[in-house]
Amino acid sequence: MKVSIQRDEFDAGAEARALSRDTPAVGAVASFVGLVRDRNDGASVYTMTLEHYPGMTEKAIAQIVDEAKGRWEIIDCSVIHRIGELRPTDQIVFVAVASSHRRDAFAACEFIMDYLKSRAPFWKKEATGEGARWVDARASDDAAAARWAPTPTKDRAA
Amino acid sequence: MKVRLLFFASLREQVGSAGEEIELPAEVTTLAGLRVHLMARGGAWGSALGDERRLRTAVNQELATSGATLRGGDEVAFFPPVTGG
């Protein structure tokens, strides 16, 4: 399992391939990349600066991954989140899950993203055409995390 | 007892501090008590910590609710709802 909080750019393709290269049991890798958009809440975004809580961030992500492992068959996974100043089209976040079958890989990848957005201590500040502002948490992100059943349901069918 | 406070994001800007060591009066033993104690400083403290819906807290790097009991040496963080990903 790889968890990295970093300023530098990452190669999503290489990161996804690394999950299966030496592991023939992997039959599916599902990955997600989040990007900086050029517009948010009606304003042009020039830069986005990401801050986090060092120490808690790594723990929170490890807990989210552990929870995913209790729900689905995960052979390996990778979570990369960038911090510092980013610009539109820059990659912010990468989540990839390797599993035997696609269903577990898809579901675990989406679950980790949903939980990361509502539980990992990151904050975004935008510089926009209307000045600098902290991005507000969205109720839809809490709702996305809440839709996952609280009890583990391991479903191996694919 | 002494605890270490941390403030992040908009909250850090509002109170003008990233953190501090603080000696708590004997009657402050919970997260809720600490919040009230800090709000009593007045000014930006009252407004920054006043709206519970826009406040999240962690004790020793784990999310915690207002009833959490504090111990000497704890790291207590106050921050707005998270917006990563």
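Predicted, not measured: the structure shown is a model, and the values here were computed from it. Convention: sequence-line order gives letters A, B, ...; per-chain numbering from 1. No hydrogens, no waters, no symmetry mates; every other heavy atom, side chains included, goes into these values.
- Heavy-atom distances place the side chain of A:Lys125, and not its backbone, under 4.5 Å from chain B.
- For B:Ala58, the part sitting under 4.5 Å from any heavy atom of chain A is the side chain, from C-beta outward, and nothing else.
- Using a 4.5 Å heavy-atom threshold, the side chains of B:Leu63 and A:Met56 count as touching.
- Both the backbone and the side chain of A:Lys124 come within less than 4.5 Å of a heavy atom in chain B.
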Verdict with reasoning, A:Ser44 to A:Arg39, per side-chain hydrogen bond (donor to acceptor under 3.5 Å, both in side chains) | CA-CA 5 Å; A:Ser44 295; A:Arg39 288 191 73 76; 3.2 Å; yes
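- When the candidates A:Asp142, A:Asp141, A:Asp136 are compared by the number of heavy-atom contacts under 4.5 Å with chain B, A:Asp136 comes out ahead.
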Could you walk me through whether A:Ser4 and A:Gln6 pass the side-chain hydrogen bond (donor to acceptor under 3.5 Å, both in side chains) test, one step at a time?
-> CA-CA 6 Å; A:Ser4 176; A:Gln6 61 187 53; 2.7 Å; yes
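- Relative ring orientation between A:Trp123 and B:Phe8 is described as parallel, the plane-to-plane angle staying below 30° on a 0-90° scale split at 30° and 60°.
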